[in-house]
Amino acid sequence: MVAFNEFVFYCRQFVVGHPVLRSVLGHPVLSASAVASCGIYVYYSAYVVQRPTLHCQQGTVFHNMLDRLAIIKEEYRPTFWCWEPRLQTILASVVRNTLPDIDYTREVFTFKDGGQVGLDWMREGEGDPAKPIVLILPGLTGSSQSEYVKTFVNVARDEVGARCVVFNFRGRGGLALKSPRTYCAANSDDLSEIVDHIKKEYPLAPVLAVGISLGGIILGNYLTDQQEAARSKLLAAMLVSVCYDTFEGCKSLEKPGLNLLLNRHLASCLVESIKEVKQLFESTDTWDLDLVFSSRTIREFDDRFTARMFGYGSVSEYYAAARLYGKIRDIKVATLALNAEDDPFQPADSIPYQGAEKSTHVAILTTKYGGHIGFMEGSIPSGHFYSDRVFSQYLQAVFSNKDMIEQYV
């Protein structure tokens, strides 16, 4: 109490001795604004600015490697005027959107069933057969030119010196669907073919896969499906803003307000993507396209279209198959996940902390704030955010400890 009283006394003396502050506090409106701003800053400093938490089995080789990352010891300082999760999510996208498009080299890959996707490459330094490769899986409606993908490509290329390839899902990235099949969170067959193709083309190159949002769920299910077999194909993995519990994530996105608006925006994008190629889906009675096109939420779209396409009896059955929450133990590749506890797509209470703490291969790094693929920082955000710095340090640690990871993790 004495210390607090002394603090108040010195603050008063400072204000009295400072003519600008004295004039501000003499004006009722300005005085109220100044007091409110000070209160917000005190709250921000005390409760918003915090160090991240690393959920990982203590004493393992993987834990020891991650614990040496400088960013683990730093406080995450979200943008002072924008730490609310929905605003972080939206404004981070706006700021990153100022990044110029990347001039990729496109490879059209044909799957065994005849479907095609675009693999967008940045192959600088092609002469070295052992040059690391970073494989990036975008979010639900994303592509290689999505703003958050471009930041990761820039980081991997410029700060780590890796080759990059972005796996545009079927019908994404400007390549129209060639067959009546899209993609879903629970099915990793397409990813399996892509990984095998990359390893065949570059057998000496270590590959790190990073999945963002839906891309992270697909990557997570690939790792749980393949288990030990994935170790011969991927050196490591990273999951960013992944929803581990599809039931809870969907429920969160259906809350009235900004969450529901985000939900409806994504559902609208999904509906439009099918409308553009509806002729591919008109020859079957598996679904009612008019009903599909009337979908206003992701759950409605998944119930009327996605679940049926991939042979699930209901949307609940589909979400149960996609759910990563109880599968963490099956991941046998070194995997770092980055999540914000206020992510509207993934409520904090359904992040599998205990699963990570029992795993020798999975670590979950959580920040208190950050939104969904947000993680803005700095008073004037530049487009290079906290998630990009975590990504950079993790890549450097993985590729510089390749032999140790292959042998011990």
Side-chain angles (χ1 to χ4, degrees), residues 3-4 7-8 10-15 18-54 69-99 147-148 150-152 154-155 159 212-213 240-241 252 255 257-259 261-262 338-348 351 364-394:
F4 177 75
F7 171 73
V8 172
Y10 284 120
C11 284
R12 286 174 177 169
Q13 292 296 104
F14 176 73
V15 171
H18 197 293
V20 175
L21 291 177
R22 192 167 62 245
S23 64
V24 167
L25 294 178
H27 191 289
V29 175
L30 292 179
S31 177
S33 299
V35 170
S37 297
C38 287
I40 292 172
Y41 186 76
V42 168
Y43 178 87
Y44 171 83
S45 300
Y47 298 103
V48 177
V49 176
Q50 294 187 20
R51 280 177 56 173
T53 302
L54 183 64
L69 300 184
I71 201 163
I72 300 292
K73 310 292 194 300
E74 295 177 14
E75 293 177 330
Y76 169 46
R77 305 180 69 87
T79 299
F80 170 66
W81 46 269
C82 179
W83 74 75
E84 199 279 334
R86 278 68 59 95
L87 292 180
Q88 270 268 349
T89 301
I90 295 168
L91 291 181
S93 176
V94 172
V95 173
R96 288 188 180 112
N97 208 37
T98 60
L99 294 171
E147 66 286 346
Y148 54 87
K150 291 187 289 186
T151 61
F152 277 7
N154 290 335
V155 166
E159 299 182 23
I212 305 152
S213 192
V240 180
S241 293
S252 176
K255 291 180 179 178
L258 286 175
N259 284 25
L261 287 177
L262 286 171
L338 175 63
N339 288 88
E341 293 178 359
D342 65 348
D343 187 339
F345 289 67
Q346 171 53 64
I351 295 175
I364 300 177
L365 184 67
T366 59
T367 57
K368 189 173 179 62
Y369 295 90
H372 186 71
I373 326 176
F375 300 104
M376 282 200 307
E377 58 185 353
S379 300
I380 303 177
S382 65
H384 188 77
F385 300 150
Y386 181 80
S387 50
D388 306 310
R389 296 196 294 121
V390 172
F391 181 56
S392 175
Q393 292 188 26
Y394 180 58

Interatomic distance, Thr151 atom OG1 to Ile212 atom CD1 [nearest 0.5 angstrom]: 7.0 Å
Would you please name every residue forming a salt bridge (charged side-chain N to carboxylate O under 4.0 Å, His left out) with Glu84, sequence neighbours left out? Arg86
Nearest heavy-atom neighbours spanning Gly371 and Asp342: N-OD1, 2.9 Å
Can you list the residues that meet the side-chain contact (heavy atoms from CB on, under 4.5 Å) rule with Gln50, with sequence neighbours excluded? Lys368
Contacts of type side-chain hydrogen bond (donor to acceptor under 3.5 Å, both in side chains), residue Gln88, not counting sequence neighbours: none
Measure up the Tyr76 and Tyr386 rings against each other and bin them: parallel (under 30°), tilted (30 to 60°), perpendicular (over 60°). tilted
Check: Glu341 side chain, Thr366 main-chain N or O, donor-acceptor pair, under 3.5 Å: no
Heavy-atom closest pair (Ser252 atom, Pro344 atom, distance to 0.1 Å) is OG-O, 2.6 Å
Pairs where residues 369-383 contributes a residue and the test side chain to side chain donor-acceptor pair (under 3.5 Å) is met, not counting sequence neighbours: Ser213-His372, Asp343-His372, Glu377-Arg389
Using the side-chain hydrogen bond (donor to acceptor under 3.5 Å, both in side chains) criterion, which residues pair with Asn154? Sequence neighbours excluded. Arg157
How would you list, by chain and number, every residue that makes a ring pair (Phe, Tyr, Trp, His ring centres under 6.0 Å) with Phe152, sequence neighbours excluded? Phe391
Nearest heavy-atom pair of Pro78 and Tyr44: which atoms, and what distance? O-OH, 2.5 Å
Tyr148: partners by ring pair (Phe, Tyr, Trp, His ring centres under 6.0 Å), with sequence neighbours left out: none
Donor-acceptor under 3.5 Å (Arg96 side chain, Gly374 main chain): yes
Quick one: salt bridge (charged side-chain N to carboxylate O under 4.0 Å, His left out) partners of Glu147, sequence neighbours excluded? none
Using atom types as modelled and distance alone, determine if a side-chain donor or acceptor of Ser392 lies under 3.5 Å from a backbone N or O of Asp388. no
So which atom in Pro52 and which in Leu365 form the shortest heavy-atom distance, rounded to 0.1 Å? CB-CD1, 3.7 Å
Test Ser387 against Ile373 for side-chain contact (heavy atoms from CB on, under 4.5 Å), laying out the working first. CA-CA 8 Å; Ser387 50; Ile373 326 176; over 6 Å; no
Suppose we screen for side-chain contact (heavy atoms from CB on, under 4.5 Å). Which residues come up paired with Pro381, at least two apart in sequence or across chains? Thr79, Trp81, Val95, Met376, Phe385
Calculate, to the nearest 0.5 Å, the distance between atoms NZ and CG belonging to Lys150 and Leu99 respectively. 6.0 Å
side-chain contact (heavy atoms from CB on, under 4.5 Å) partners for Leu261, two or more places apart: Leu258
Closest non-hydrogen contact found for Phe375 with Asn339 is CZ-C, 4.1 Å
